[in-house]
There are 2 protein chains.
Amino acid sequence: MSTVEPPPSPSSAPLDERELRAWRGLLRAHASMCKALDAELEAVHGLPLTTYEVLMYMHDAPDRKMRMCDLADCILLSRSGLTRLIDRLQRDGLVARQSCTSDARGAYAVLTEEGAKTLEAARATHLAGVRRLFLSRFTPAEQELLGDAWERVMPGACTPGACAGPPPGC
Amino acid sequence: MSTVEPPPSPSSAPLDERELRAWRGLLRAHASMCKALDAELEAVHGLPLTTYEVLMYMHDAPDRKMRMCDLADCILLSRSGLTRLIDRLQRDGLVARQSCTSDARGAYAVLTEEGAKTLEAARATHLAGVRRLFLSRFTPAEQELLGDAWERVMPGACTPGACAGPPPGC
DNA sequence: CCGTGATCGTTGCGTACGCAAGGACCCGAA
DNA sequence: TTCGGGTCCTTGCGTACGCAACGATCACGG
């Protein structure tokens with residue numbers, strides 16, 4: 001009976017069909033959904049997905065403002081990347097900069113009134129998109145399982161204090 | 001008993017804890033793994049992850065060569081993006097271009113001997129990485145479930161003929 | 001009080017990518 | 001045959017990002 005394989009694969013053997021479906025499926029599903037959500041958000045509200053994320057985190061933070069470094073950690077962007085992203089949003093009037101009294105090095109990014117309005121409009125689109133493309137494919141129980149799966153995967157993805165303050169709301 | 005909520009969420013309501021774990025977990029897990037795999041591959045073999053993908057698809061294709069457009073579809077890159085990626089790999093001697101006899105518009109990208117050697121060396125690293133960071137966290141049965149999940153999500157991600165020729169091997 | 005090392009935000013530079021336009025070519029219908 | 005529409009690859013241009021270096025500031029030990 002040579003059909004029984006050694007259970008633990010040698011770690012350098014090519015991925016079998018099952019492993020490929022799990023791994024490549026993740027890559028493709030992620031790419032597919034992100035592309036679709038980004039295009040939709042851009043088409044309807046003129047917002048790139050990254051911008052939406054920033055506005056969202058700020059909206060859910062106390063006083064609608066966040067330290068630059070915390071924001072960068074939350075949206076998985078380098079500090080320089082965030083600097084320039086905030087530059088753009090400031091130019092478009094969606095956020096403002098505010099110096100930090102307790103730490104003269106630091107800076108806050110604050111959501112403006114217009115930023116809040118823009119976010120509110122975009123939120124419905126984005127949430128509907130996430131539900132339509134992703135969440136609606138799974139039962140609540142399956143969603144729980146997926147959540148568990150990610151926690152098993154994360155080596156600590158956002159490891160240290162994860163996203164310190166404001167990750168609760170959406 | 002106001003603790004019983006209307007089962008189908010209004011589609012524009014904020015994501016609840018369970019939905020957040022499933023959705024944001026996916027985003028973070030994907031980012032975390034890709035960043036780690038890319039860094040590892042770059043450190044050990046000087047290859048970006050995108051390059052690895054191209055070499056891999058070519059390696060598994062008949063005659064170690066693929067049409068540019070098919071390759072672009074497989075690795076989810078725009079045609080212009082692929083043109084320049086192949087430019088770089090050609091400069092580094094990992095692939096060569098070859099004109100297509102049956103269609104004078106077309107071009108093949110062919111894996112060179114050096115490209116094959118480089119890929120072979122990198123393959124062990126990458127496969128080990130994928131197993132260590134992802135596959136090893138799940139039982140075979142769970143991997144099957146994940147694969148099923150992605151198929152439910154794909155609106156057809158790689159829709160039309162998906163990846164025509166060569167997606168079987170890894 | 002004064003270093004010393006770490007942290008914060010910014011900037012210069014290089015890289016990777018997408019979109020739109022262009023030239024070469026294929027194919028099917030008039 | 002010729003023509004019109006579509007496909008393939010490339011190129012010019014603009015954008016987004018990361019890394020490394022910088023100045024300003026903080027925290028802390030002597």
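Predicted model, so just to flag it, every value in this text is computed and none were measured. Chain A is the first sequence line, chain B the second, and so forth, proteins listed ahead of strands; every chain is numbered from 1.
Under the 4.5 Å side-chain criterion, counting only non-hydrogen atoms from C-beta, B/Asp92 is not in contact with B/Thr51. Counting heavy atoms from C-beta on, the side chains of B/Leu89 and B/Val54 come closer than 4.5 Å. The closest side-chain heavy-atom distance from A/Met58 to A/Val95 is below 4.5 Å.
If you take CG of B/Asp73 and P of C/dG18, they are 12 Å apart, rounded to a whole angstrom. For the pair B/Leu77 CG and C/dA16 P, the interatomic distance rounds to 11 Å; values are reported in whole Å. Atom pair B/Leu85:CG and C/dG18:P shows a separation of 10 Å (rounding to whole Å applied). One atom, CG of B/Leu89, and another, P of C/dT15, lie 15 Å apart when rounded to the nearest Å. Here D/dC9 presents its P atom at 10 Å from CG of B/Leu71, a figure rounded to the nearest Å. Computed from coordinates, the A/Met68 CE to D/dT25 P distance equals 17 Å when rounded to whole Å. Summarising the geometry, the separation between CD1 on B/Ile86 and P on D/dT10 is reported as 9 Å, rounded to the nearest angstrom.
For A/Arg105, taking side-chain heavy atoms from C-beta onward, the closest of the listed nucleotides D/dA24, C/dT11, C/dC25 is D/dA24. Side-chain proximity of A/Arg79 to the nucleotides C/dT10, C/dC13, C/dG18 is greatest for C/dT10.
Residue-to-nucleotide contacts include no donor-acceptor pair under 3.5 Å from the side chain of B/Ser80 to the base of C/dC17. B/Ser78 contributes no side-chain N or O that forms a donor-acceptor pair with the base of C/dC19 under 3.5 Å.
Taking the nucleotide of DNA chain D with the nearest heavy atom to each of A/Thr50 and B/Tyr108, the more 5' of the two is matched to B/Tyr108. Of the two residues contacting DNA chain C, namely A/Arg84 and A/Asp103, the nearest-nucleotide position lying further toward the 5' end is that of A/Asp103.
Backbone-only contact: B/Arg67 has heavy atoms under 4.0 Å from sugar-phosphate atoms and none from a base. Across all strands shown, B/Arg88 has heavy atoms under 4.0 Å from sugar-phosphate atoms exclusively, and none from any base.
In terms of phosphate contacts, A/Arg97 brings a side-chain nitrogen or oxygen within less than 4.0 Å of OP1 or OP2 of C/dT10. Applying the 4.0 Å criterion to OP1 and OP2 of D/dC17, one finds that A/Thr83 has every side-chain N and O outside that range.
The aromatic rings of A/His30 and B/His30 sit parallel, their planes meeting at an angle under 30°, below the 60° perpendicular limit.
Using a 4.0 Å cut-off between charged nitrogen and carboxylate oxygen, B/Glu142 and A/Arg152 count as a salt-bridge pair.
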